[in-house]
Amino acid sequence: VRYVLEGSVRKTGDTVRITTQLADAVSGRHLFSERYDRDFRDILTVQDEITMKVLAAVQVVLTKGEVAQLSEKEPKNLQAYLSVLKSQKYNQQFNRESVALARRHAEEAIAQDPEYSGAYRALAAVMINSTFVGAAQASDPETRRQALMLAERAVALDPTSSSYFILSLVHVFFSQDPEKARAAAERSIALSPNSAAAYQCMGASLMLAERYHEAIPYFEKSLRLSPIPVTAGVMSMLGNSLRFTGRYVEAIAVYRRMLTIYPNNIFGHAMLACTYATVGRHAEARAEAAE
């Protein structure tokens, strides 16, 4: 890591204070330190200001198109943006009640700003998790149609790496079409070569094709780019790929690491129980199953 950006956000009533500090990790020298006291409604503008300040400090030169792309990605409606953040928070908790709340907030975001790509991505992500917690069936034609419509709408509104990422996962979990999933994943990586999520969906597309050996390096690269991932999905997929290729000891290590970050993830405990049972560690398998 060459540069480290750190800071804090404190909200009081309708005002927000953001502090930022950029340091050169090689020399230890501070490149800048800033404080922003603003009306909370201006939070998106402040994000843009900080982004441009950092880019200038590390001397990143953008083309006009890239500058335009930065601003185009930002939501125009603050309430829709906040609703998406709430949706993502609840969706990550991975139980039926939280996923229902996540869905409500994602639907609110779409109602608040029908042109906001992030809202459609959020709802598509909720539909994926809904199948895992038993709130929906991936095989249901209407559920599949809705999920694909949401992902395609996200791409149409904002053809970024994040949009192609969610489209790839929809093809994995609903269409179950490895070629379409891989094509969307390739586009996601091309648009953002340092995106952990993009490599995760490439690995998922290879898993769907039962090419587990090939999937493992993509999951490992995703975790190298984001060692504490936003969701447990990438760690779950890596553990499964290792298990399916007979690398049980490594799979156990991944599941255990996953549960240190997400201790209440039901699939982490379930898959760890399966793997312990496979290698004959029955007492530990029973403990995980009970948990």
Is any NZ, NE, NH1 or NH2 atom of the basic residue among D24 and R2 found under 4.0 Å from an Asp or Glu carboxylate oxygen of the other?
-> yes
Answer yes or no: is there a donor N or O on one side and an acceptor on the other, between the side chain of S168 and the main chain of A181, under 3.5 Å?
-> yes
What's the spacing between M271 CE and T275 OG1 if we round to 0.5 Å?
-> 8.0 Å
Whether over 12 other heavy atoms sit under 6.0 Å from K11 NZ | yes
Residue pair A232 / Y262: nearest heavy atoms and the distance that separates them | CB-CD1, 3.6 Å
Scan side-chain atoms only and decide if S162 and R121 contain a donor-acceptor pair under the 3.5 Å cut-off.
-> no
Could you walk me through whether Y199 and F219 pass the ring pair (Phe, Tyr, Trp, His ring centres under 6.0 Å) test, one step at a time?
-> CA-CA 6 Å; Y199 291 97; F219 295 134; over 10 Å; no
State whether the side chain of D177 and the backbone N or O of K180 hold a donor-acceptor pair below 3.5 Å, judged by distance alone.
-> yes
Considering only NZ, NE, NH1 and NH2 on the basic side and carboxylate oxygens on the acidic side, decide whether E220 and R224 come within less than 4.0 Å.
-> no
What one should report as the nearest heavy-atom pair of T131 and A138 is CG2-N, 3.8 Å
Between Q200 and G233, what is the shortest heavy-atom contact and its length?
-> NE2-C, 4.0 Å
R247 CZ to L238 CG distance, which is reported to the nearest 0.5 Å = 8.5 Å
Output for pair (R38 CZ, I43 CD1), nearest 0.5 Å, gives 9.5 Å
Can you tell me how far the CG atom of N194 sits from the CG atom of L225, to the nearest 0.5 Å?
-> 6.0 Å
Same apolar cluster (I L V M F W Y, side chains within < 4.5 Å links), L206/V172 = no
What heavy-atom pair brings A198 and S192 nearest, and what distance separates the two atoms?
-> CB-O, 4.4 Å
F267-I128 co-clustered via ILVMFWY side chain contacts under 4.5 Å = yes
Test of ring centre spacing under 6.0 Å for Y276 and Y248 = no
Hey, any chance L157 and M127 share a hydrophobic cluster, counting ILVMFWY side chains that come within less than 4.5 Å of each other, even indirectly?
-> yes
Hey, is OH on Y218 packed in by over 12 heavy atoms from elsewhere, all under 6.0 Å?
-> no
To the nearest 0.5 Å, tell me how far M258 CE sits from T231 OG1.
-> 9.0 Å
Are R144 and F174 in a cation-pi contact, defined as NZ or CZ under 6.0 Å from the six-membered ring centre and within 45° of the axis?
-> no
Are the side chain of H269 and the backbone of P263 linked by a donor-acceptor contact shorter than 3.5 Å?
-> yes
Under a 4.5 Å side-chain heavy-atom rule over Ile, Leu, Val, Met, Phe, Trp and Tyr, are L101 and Y81 clustered together?
-> no
What's the verdict on side chain to side chain donor-acceptor pair (under 3.5 Å) for S83 and Q112, showing C-alpha distance, side-chain angles and the deciding distance?
-> CA-CA 9 Å; S83 292; Q112 289 158 344; 2.9 Å; yes
Could you go step by step and tell me if E288 and R256 meet the salt bridge (Lys or Arg N to Asp or Glu O under 4.0 Å) rule?
-> CA-CA 11 Å; E288 289 300 329; R256 291 181 65 172; over 6 Å; no
Identify the heavy atoms of D158 and S163 that sit nearest to each other, and give their distance.
-> O-OG, 2.6 Å
Distance under 6.0 Å and angle within 45° of the ring axis: does K53 meet both against F32?
-> yes
Answer yes if the side chains of Q47 and Y36 hold a donor-acceptor pair under 3.5 Å, and no otherwise.
-> no
Contact summary for L259 and N265, nearest pair of heavy atoms = CD2-O, 3.7 Å
Taking the six-membered ring for Trp, is the centroid-to-centroid distance between Y90 and H105 below 6.0 Å?
-> yes
With salt bridge (Lys or Arg N to Asp or Glu O under 4.0 Å) as the test, would you mind laying out the steps for E142 and R145 before giving the verdict?
-> CA-CA 5 Å; E142 181 59 21; R145 186 194 67 79; 2.6 Å; yes
Quick check: are there more than 12 heavy atoms from other residues, nucleotides or ligands sitting under 6.0 Å from CD of E34?
-> yes
Under 3.5 Å, is there a donor-acceptor pair between the side chain of T19 and the main chain of S8?
-> yes
Assess whether atom CD1 of I261 is packed by more than 12 heavy atoms of other residues, nucleotides or ligands within 6.0 Å.
-> yes
Heavy-atom donor-acceptor pair, N77 side chain to D113 backbone, under 3.5 Å = no
Cluster question for you: counting only ILVMFWY and a side-chain heavy-atom cut-off of under 4.5 Å, with indirect links fine, are V126 and V133 together?
-> yes
